[in-house]
Engineer: 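One structure, as structure tokens, below. Some questions next.
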2 protein chains.
Amino acid sequence: MNIGDVSNQTGLPAKTIRYYEDIGLVKPLRDDNGYRRFRSQDVHKLNFLGRARALGFTIEDCRTLMALYEDETRASADVKKVARAHMAQIEAKIADLNAMRDTLSHLIDACAGDDRPDCPILQDLGGQA
Amino acid sequence: MNIGDVSNQTGLPAKTIRYYEDIGLVKPLRDDNGYRRFRSQDVHKLNFLGRARALGFTIEDCRTLMALYEDETRASADVKKVARAHMAQIEAKIADLNAMRDTLSHLIDACAGDDRPDCPILQDLGGQA
DNA sequence: ATGGGGGTTCCAGTCACGGGAAGGTCAAGG
DNA sequence: CCTTGACCTTCCCGTGACTGGAACCCCCAT
């Protein structure tokens, strides 16, 4: 399989797949003409990576998870630890964003949104809250 | 005021303040020795920027908001528009993160987290959901 | 004179790619 | 045989909003 087919099958852009090879996440073979040749196990790996990335794991997390995936003697505790650390990050981010949203929501509600210059949003940013 | 004092007053790292000058958000004067000299209006601007950034506005949004802030003839509608667009982005991000968190939460709950290799997290990532 | 705590510039790195240039390869059609 | 067009290759630059660090200057106190 060439990179275009793999891209279609996995939904990952060809650029991304090349990048993943660059950083050693996947190691396709090469044809005589220099084209990458992907085996089914490569495609499987890429699907794994795509799903992990979709869950927000960093590339380094993905590397760790892949290693665990391929290690038959792994302990599921190690996987869970990575997942929990990541979820903590996500929850922290959600909390941040919720705080922003709440503040913004109040400010937006308080703003007339007409052609006059008075604006509680700018007042708040300017420090006269 | 030198940059260190401004940094203390605004809570912004000196590096960040220099960066804001670089991209034209603030224009402090210079002393004869080359040191930046910040007037109170510069400090005020930096506080404005700090608050806007804390609400998650991009630098470009900040530039726009600052321009509106300094324009006495602005229409509050323009400010509100920027704020609403930003809030939409935030809500989209929250939705994404909530979806990730929910999926992760289920997977983490399902994982024994012991010394055995069986792991529903890896199974899911591997495509055997 | 020396030490320490300011300040300055500039360059490189972050993260996970994306855009685009310049060029090689392959299969189909005229 | 030639061309066209769709592939593929590498390489380099840009993203956003900074952060770290090197190398150097300035000023005051001891």
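Naming: A, B, ... by sequence-line order, numbering from 1 per chain.
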Engineer: Take atom CG of A:Asp32 and atom C1' of D:dT9, then tell me their distance rounded to the nearest Å.
Structural biologist: 15 Å
Engineer: Is it the case that the side chain of B:Asn33 and the backbone of B:Tyr35 share a donor-acceptor pair, with hydrogens and angles ignored and the cut-off at 3.5 Å?
Structural biologist: yes
Engineer: Verify the contact: side-chain N or O of B:Asn33 to OP1 or OP2 of D:dC27, cut-off strictly under 4.0 Å; return yes or no.
Structural biologist: yes
Engineer: In whole angstrom, what separates B:Glu21's CD from D:dC18's P?
Structural biologist: 15 Å
Engineer: Donor-acceptor check, side chain of A:Arg74 to backbone of B:Pro117, threshold 3.5 angstrom: yes or no?
Structural biologist: yes
Engineer: Is it true that a side-chain atom of B:Thr16 and a backbone atom of B:Leu12 form a donor plus acceptor pair closer than 3.5 Å?
Structural biologist: no
Engineer: Bend across the helix from C:dA1-D:dT30 to C:dG30-D:dC1, to 10°, with axes taken over 5 pairs at each end?
Structural biologist: 40°
Engineer: Mind checking if B:Ile23 touches a base, just sugar-phosphate, or nothing, with heavy atoms under 4.0 Å?
Structural biologist: nothing
Engineer: Evaluate whether atom CD of A:Glu21 has more than 12 neighbouring non-hydrogen atoms of other residues, nucleotides or ligands under 6.0 angstrom away.
Structural biologist: yes
Engineer: Figure out the CZ/P separation between A:Arg18 and D:dT9, and round it to whole Å.
Structural biologist: 5 Å
Engineer: How does each nucleotide of nucleotides 15-20 of chain C score, in 5' to 3' order, for protein heavy atoms under 4.0 Å: base (B), sugar-phosphate only (S), or none (-)?
Structural biologist: -BBSBB
Engineer: Within the 4.0 Å heavy-atom criterion, would you say A:Arg30 contacts the bases, only the backbone, or no part of the nucleic acid?
Structural biologist: sugar-phosphate
Engineer: May I have the distance from A:Asn8 (atom CG) to D:dC7 (atom C1'), rounded to whole angstrom?
Structural biologist: 12 Å
Engineer: Figure out the CG/C1' separation between B:Asp5 and C:dG6, and round it to whole Å.
Structural biologist: 10 Å
Engineer: Rounded to the nearest angstrom, tell me the gap between atom CG in B:Asp31 and atom P in D:dC25.
Structural biologist: 19 Å
Engineer: Side chain of A:Arg36: nearest nucleotide among C:dG7, D:dC7, D:dT10?
Structural biologist: D:dT10
Engineer: Output the distance between atom CZ (A:Arg84) and atom CG (B:Leu107), rounded to the nearest 0.5 Å.
Structural biologist: 13.0 Å
Engineer: Using whole Å, report how far NZ of B:Lys93 lies from P of D:dG16.
Structural biologist: 13 Å
Engineer: Is it the case that atom CD in B:Gln123 sees more than 12 heavy atoms from other parts of the structure closer than 6.0 Å?
Structural biologist: yes
Engineer: Using a distance-only test with no angle check, is there a side-chain donor-acceptor pair under 3.5 angstrom linking B:Ser76 and A:Asp114?
Structural biologist: yes
Engineer: What are the two closest non-hydrogen atoms of B:Arg53 and B:Cys62, and how far apart are they?
Structural biologist: CD-SG, 3.9 Å
Engineer: Between C1' on C:dG6 and CZ on B:Phe38, what's the gap in Å once rounded to a whole number?
Structural biologist: 14 Å
Engineer: Can you see which heavy atom on B:Ile3 is nearest to which on B:Arg18, and at what distance?
Structural biologist: CD1-CG, 3.5 Å
